[in-house]
Amino acid sequence: MASVLKFSIIVPVHDRPDEVDELLASLCQQTDKGFEVLVVEDDAALPSAEVCRKYAKDLALTYYTVPGTGRSERRNFGMEHATGDWFIICDSDVIVPPQYIATVRAALTGSDIDCYGGPDSADSSFSDVQKAVNYSMTSIMTTGGIRGATKKKESFYPRTFNMGLSRRCHAAVGGFRNMISEDIDFSLRIREAGFKTMLIPEAYVYHKRRVSLKKFFRQVNTFGKGRVLLSTLHPGSLKPVHLLPAAFVLGHIALVAAAVGLAFVDYRWALLCLLPIGIYVLGLFTESLIKNKSLKIAFMSIATAYIQLFGYGLGFIDELLTRRASKANQEELYKRT
């Protein structure tokens, strides 16, 4: 008879009490109550202590304050103090559907998996910007499709907005490192240690991503830089799909430059150069319109898709040429070893 799994949900947070409120409210609605919650915060200006006290009677909830720590250190602190067989890591800006724990339990019971990840989605209550950002991060029209749409469930690399790992996996691999793209680094280390990871498609969360378009650009730009660092730390981890945003940026620059040059010769040739861009934009608009059933979100999705691809691509190219972020992160890793 298989043992009953106990889950520990670990939430690192900084200055986001409103998000913690929504997350904990969603956890109260779980159909499966076999879990504890650990909220780990640094010395925040807007602490979540009062929010956690609000839910203490409804959840097996512990709130910790660990001053002067980064998000990786707060996740590690949570895993070190958790009592469950499985550690579930999620961000404070997610909302968990009522069936989440029950779905994860059903998938893991009796399996030989030691780490899983789930996709993210947009709830109907999200703002138009949040829905447009979610589209660009999950659409097959962008590289976002690899975050959860992949059919290769066993080769999926879990991300910290929605991932879980067994206690024995944590004991063998250790915790997160203080670096950019720390979640992918963690997933790669888990795979390299011989543990199995997989995607549980039904174990989705609603990911609010409370970011402006400017912050979204900075976020994906950092992702691009992180991919170069990861290729240094984990040789062989760089795949052709990771080059697509950089190729997208260079391809657009080449097409626009050719169109400008040909415009002085024959405008029809210039239009022909811009045709691939027009077809792609139309594809983005159409897919988003079908998914979101909103003209406004469909138009916004064009912007967020370009922000994602150009942000990531430019970050990748910059880091490939300068290695500035890689050097800084490797110095940080060296200091902590």
Side-chain angles (χ1 to χ4, degrees), residues 1-12 23-38 59-61 75 78-79 82-123 134 137-138 140 144-176 182-208:
M1 182 177 178
S3 60
V4 177
L5 300 178
K6 180 183 177 183
F7 300 102
S8 297
I9 301 176
I10 297 159
V11 186
L23 171 58
L24 295 181
S26 71
L27 290 174
C28 287
Q29 302 302 314
Q30 291 300 299
T31 58
D32 183 329
K33 306 295 184 181
F35 62 92
E36 65 175 349
V37 183
L38 295 86
L59 296 168
L61 171 63
R75 292 182 187 120
M79 289 189 286
T83 63
D85 310 300
W86 273 79
F87 307 144
I88 297 176
I89 313 294
C90 67
D91 290 340
S92 61
D93 60 350
V94 304
I95 297 173
V96 184
Q99 76 284 357
Y100 179 87
I101 294 294
T103 299
V104 171
R105 185 184 302 281
L108 296 178
T109 299
S111 77
D112 61 349
I113 299 299
D114 278 282
C115 179
Y116 79 87
D120 51 350
S121 185
D123 184 65
N134 180 78
M137 293 294 284
T138 58
I140 200 65
I146 64 174
R147 292 173 62 94
T150 178
K151 295 181 179 179
K152 296 181 179 179
K153 298 178 183 179
E154 293 75 17
S155 63
F156 180 70
Y157 291 106
R159 309 292 181 90
T160 48
F161 63 82
N162 180 12
M163 75 177 295
L165 66 147
S166 66
R167 177 176 287 276
R168 72 163 190 157
C169 179
H170 173 255
V173 177
F176 293 89
E182 75 282 359
D183 51 356
I184 304 179
D185 168 71
F186 192 46
S187 292
L188 286 166
R189 285 162 48 212
I190 289 172
R191 292 288 297 275
E192 290 164 0
F195 293 100
K196 291 184 179 181
T197 67
M198 73 171 293
L199 167 70
I200 305 177
E202 301 80 12
Y204 62 89
V205 297
Y206 298 120
H207 200 177
K208 295 186 76 71

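Counting only distance, with no hydrogens or angles, the side chain of Glu36 and the backbone of Thr83 share a donor-acceptor pair below 3.5 Å. In terms of modelled atom types and a separation under 3.5 Å, the side chain of Asp91 and the main chain of Asp93 share no donor-acceptor contact. Under a 3.5 Å cut-off, the side chain of Arg191 and the backbone N or O of Thr197 do not form any donor-acceptor pair. Judged by distance alone, the side chain of Gln30 and the main-chain N or O of Pro97 form a donor-acceptor pair under 3.5 Å. Distance alone, capped at 3.5 Å, is enough to place a donor-acceptor pair between the Arg189 side chain and the Gly175 backbone. Remark: the backbone N or O of Ala106 is not paired with any side-chain donor or acceptor of Thr109 at under 3.5 angstrom. Judged by distance alone, with hydrogens and angles left aside, the side-chain atoms of Ser111 form a donor-acceptor pair with the main-chain N or O of Leu108 at under 3.5 Å.
Scanning both residues, Leu27 and Phe35, for their nearest heavy atoms gives O-CZ, 3.5 Å. Residues Ser121 and Asn134 share a closest heavy-atom pair of C-OD1, 3.4 Å. When all heavy atoms are compared, the tightest approach of Cys28 to Leu59 is SG-CG, 3.8 Å. Here the closest heavy-atom approach between residue Pro119 and residue Pro201 is recorded as CG-O, 3.4 Å. The minimum heavy-atom distance between Ala203 and Thr103, with the atom names listed, is N-CG2, 4.0 Å. What you find for Pro158 and Cys115 is that their closest heavy atoms are CG-SG, 3.7 Å.
Interatomic distance, CG of Asp32 versus CD1 of Ile101, reported as 6.5 Å (0.5 Å rounding). With values rounded to the nearest 0.5 angstrom, Leu165 atom CG is found 7.5 Å from Ile10 atom CD1. In this structure, Phe186 CZ and His170 NE2 are separated by 6.5 Å, a value rounded to the nearest 0.5 Å. Within the model, atoms CG of Asn162 and OH of Tyr100 stand 3.5 Å from one another, a figure rounded to the nearest 0.5 Å. Separation of atoms CG (Asp185) and OH (Tyr157) is listed at 12.0 Å; rounding is to 0.5 Å. Once rounded to the nearest 0.5 Å, the distance linking CH2 of Trp86 with OG of Ser8 reads 12.5 Å.
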Begin from the C-alpha positions of Met79 and Phe176 and carry the test side-chain contact (heavy atoms from CB on, under 4.5 Å) through to its verdict.
CA-CA 10 Å; Met79 289 189 286; Phe176 293 89; 3.8 Å; yes
Evaluate Cys90 against Val11 for side-chain contact (heavy atoms from CB on, under 4.5 Å), listing each step before the verdict.
CA-CA 6 Å; Cys90 67; Val11 186; 3.9 Å; yes
Test log, rule side-chain contact (heavy atoms from CB on, under 4.5 Å), inputs Tyr204 and Val94
CA-CA 10 Å; Tyr204 62 89; Val94 304; over 6 Å; no
Evaluate the side-chain contact (heavy atoms from CB on, under 4.5 Å) criterion for residues Asp123 and Ile95: first the C-alpha distance (whole Å), next the side-chain angles of each, then the deciding distance (0.1 Å), finally the verdict.
CA-CA 9 Å; Asp123 184 65; Ile95 297 173; 5.5 Å; no
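Checked against Asp120 for a side chain to side chain donor-acceptor pair (under 3.5 Å), the options Arg159, His207, Lys208 give a single hit: His207. Put simply, the residue from Arg168, Lys196, Arg167 that forms a side chain to side chain donor-acceptor pair (under 3.5 Å) with Asp114 is Arg168.
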